[in-house]
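Report on the structure given below.
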Amino acid sequence: MMKTRTALFFLTPAVMIMVALLVMPVGYLVRFSFFVGQQGAQTAGGFTLANYAKLLGDSFYLGILGRTLYLSLITTTLSVLTGYPLAHFMWKTSKRWRGMLTILVLSPLLVSIVVSSYGWIVILGNRGVINNALIGLGLIDTPVKLMFTNIAIVVGLVHIVMPFMVLSILAALERIDPLLAEAATTLGANRLRTLWHVILPLALPGIGAGTTIVFSLAMSAYVTPAVLGGSGPNFITTLIYHQFVTLFNWPFGATVAALLLSVSVGIVFFYVRVLSRVGALGVQAR
Amino acid sequence: MTRAFHVYIGFLIVFIMAPILIVAVVSFSGGKVPEFPPKSFSFQWYDYALNYSLFTRSAVNSAWLALISTVIAAPIAVAAALAIVRKRFPGRDAIQTFLLAPLIVPSIVIGLSILLGFATVGIRDIFFRLIGAHVLITFPYLVRTVIASLSRVDVTVEEAARTLGANNWRTFWHVTLPLIRPGIIAGMLFSFIVSFDNVSVSLFLTSARTNTLPLAILSYVEFNFDPSIAAISTMLILFSLGAAVILERVVGLRKVLGV
């Protein structure tokens with residue numbers, strides 16, 4: 001066992017970089033959100049709530065926020081529908097295949113997001129793989145517009161966030177006592193009933209954890225909506241970029257960023273506090 | 001398991017692999033635009049990409065940034081992990097959560113905070129603030145892998161070393177460190193990739209002159225659509241998948257990712 005003094009000495013550099021690089025900078029960001037905002041105002045001062053009033057009172061910005069939540073929700077739902085079967089398959093498959101499947105399922109996380117976004121452009125473009133195939137088969141005459149639509153954003157988002165859903169659910173499945181499913185079968189339940197009444201309820205903590213991670217990741221994704229969603233602010237993150245880089249309205253950009261931060265921290269807090277109380281939590285928020 | 005289930009799994013695997021595989025195929029095309037399947041075969045886009053100074057310069061920047069950030073973050077993470085695993089103290093869980101907090105904060109918010117924070121205290125050097133940001137985003141992964149490998153070390157081995165007369169430092173250097181070295185190296189490898197591939201944190205911190213490779217690719221794609229991006233991407237894919245295999249062998253990818 002380590003001496004208390006040694007432990008403190010070992011933790012100090014870590015806590016110092018967290019304070020210097022996270023706590024203080026985020027504090028400055030929040031402070032900036034209360035500065036008087038105007039176009040071209042990189043340095044600003046004063047104190048006002050006008051930025052928040054503008055963000056939450058203007059239908060243009062509310063539209064972007066609503067679209068962000070809507071697309072993130074669809075992405076999360078699709079991640080459950082794709083992630084659960086994959087996790088179940090990985091759970092049941094032999095040890096030898098599991099390692100390879102893990103690398104395969106996790107590859108969207110390991111390959112740079114600019115790479116996969118470029119891949120989706122090649123697939124979804126007007127002269128891309130899908131449109132060429134459909135035209136080649138004679139199913140359509142003119143290309144279907146897929147790029148720069150909600151569909152493209154959701155496809156790109158599901159692709160990068162789904163691995164987290166798979167891993168969260170797999171972690172929950174691996175904690176299930178194999179005897180439980182066997183007992184259900186012995187007592188006469190068929191496979192579907194065992195899945196519905198025994199396995200799924202026990203997988204719920206994993207689905208809950210996955211939903212939390214996936215929703216916050218989808219909401220704060222930048223590259224996918226920027227590349228696949230087209231130009232102009234169409235997502236909360238691209239709105240932030242637009243305010244900072246195009247309009248140079250730093251205080252207002254900081255306000256949008258502060259909102260994004262509070263929503264994603266709020267989701268994690270809600271998950272840890274509320275879901276753990278109703279017992280849907282076996283997985284810690286790691 | 002039924003056939004329909006297997007077909008669905010097959011479809012999902014195609015969905016996961018499609019953009020990656022198609023990029024790799026397109027990179028060998030001989031045409032001016034990415035076509036799938038390519039009508040002709042050539043290495044011209046590799047040649048172009050490897051000789052285009054925008055890409056090579058930003059790749060060197062990214063490599064230095066990833067290396068320096070990892071080398072700074074790793075020893076700090078090892079020290080913190082040692083204290084967290086080897087010492088029971090009140091608030092230990094809170095400290096651990098605090099050190100993993102950069103994973104909860106959206107990366108675009110981290111980038112902006114660093115921009116505003118560093119500007120407020122008067123630090124305007126681009127490389128300096130990039131390193132600050134990348135130390136912060138790689139740190140939690142390092143803490144997590146080192147904690148994972150430390151927890152697997154048998155404490156009795158360390159006790160044996162002390163009984164035989166080794167002091168704390170010698171015990172760490174000759175017993176604990178060799179045992180956790182694979183974990184540290186795996187963590188550093190993953191940290192290198194996290195930094196090298198990052199877009200949303202660096203987004204606000206670079207300039208036209210000092211750029212990272214992913215951001216150079218992103219701005220190139222805005223105006224050009226030739227397969228040179230596919231060529232670079234394929235090289236990045238090979239690097240990442242090679243690293244993935246090593247990580248899976250050494251510590252297990254899931255430990256590193258924490259889910």
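We name chains A, B, ... by the order of the sequence lines, and we start the count at 1 in each one. Both backbone and side-chain heavy atoms feed into the values below; hydrogens, waters and symmetry mates do not.
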pair F15(B)-M162(A): side-chain heavy atoms closer than 4.5 Å: yes
For chain B, the option from V105(A), V122(A), T82(A) that forms the most heavy-atom pairs under 4.5 Å: T82(A)
Side chain, backbone, both or neither of V223(A) within contact of chain B (heavy atoms, under 4.5 Å): side chain
By side-chain contact (heavy atoms from CB on, under 4.5 Å) - contacts of A101(B) (at least two apart): L22(A)
Close approach to chain B in residues 256-263 of chain A, criterion heavy atom under 4.5 Å: A257(A), L260(A), L261(A)
Steps toward side-chain contact (heavy atoms from CB on, under 4.5 Å) verdict (N168(B), T6(A)): CA-CA 11 Å; N168(B) 286 340; T6(A) 320; 5.9 Å; no
Top contributor to chain B contacts, counting heavy-atom pairs under 4.5 Å, from S116(A), S117(A), S107(A): S107(A)
Contact origin within L101(A) toward chain B - heavy atom pairs under 4.5 Å: side chain
Chain A-proximal positions within residues 128-138 of chain B [heavy-atom distance under 4.5 Å]: G132(B), V135(B), L136(B)
Residue part contacting chain B, namely of I113(A), when any heavy atom lies under 4.5 Å: side chain
CA sep, side-chain torsions, deciding dist, call: L86(A), I9(B), side-chain contact (heavy atoms from CB on, under 4.5 Å): CA-CA 6 Å; L86(A) 272 174; I9(B) 294 294; 4.2 Å; yes
When I229(B), V23(B), V245(B), I22(B) are compared by non-hydrogen pairs under 4.5 Å with chain A, the top option: I229(B)
Side chain proximity check, V78(B) to F10(A), heavy atoms < 4.5 angstrom: no
Any side-chain heavy-atom pair of I240(A) and F204(B) under 4.5 Å: yes
Heavy-atom side-chain proximity of F89(B) to T4(A) below 4.5 angstrom: no
CG-CG distance between L29(A) and L115(B), expressed to the nearest 0.5 angstrom: 9.5 Å
Members of residues 191-199 of chain B whose heavy atoms come closer than 4.5 Å to chain A: I193(B), D197(B), V199(B)
Trace of the side-chain contact (heavy atoms from CB on, under 4.5 Å) decision for L116(B) with F244(A): CA-CA 11 Å; L116(B) 295 177; F244(A) 263 85; 4.3 Å; yes
Top of I114(B), I232(B), V121(B) for chain A proximity - count of heavy-atom pairs under 4.5 angstrom: I114(B)
Parallel, tilted or perpendicular: rings of F5(B) and H88(A) (30°, 60°): perpendicular
Option that, when pairs with chain B are counted at under 4.5 Å, heavy atom only, ranks first among A14(A), P13(A), A226(A), S220(A): A14(A)
Heavy-atom side-chain proximity of S200(B) to T237(A) below 4.5 angstrom: no
Student check: side-chain heavy atoms of F269(A) and I104(B) closer than 4.5 Å: no
Winner by heavy-atom pair count (cut-off under 4.5 Å) against chain A, out of I237(B), T120(B), I217(B), V33(B): T120(B)
Side chain proximity check, I20(B) to V115(A), heavy atoms < 4.5 angstrom: no
Portion of F11(B) that has a non-hydrogen atom of chain A nearer than 4.5 angstrom: neither
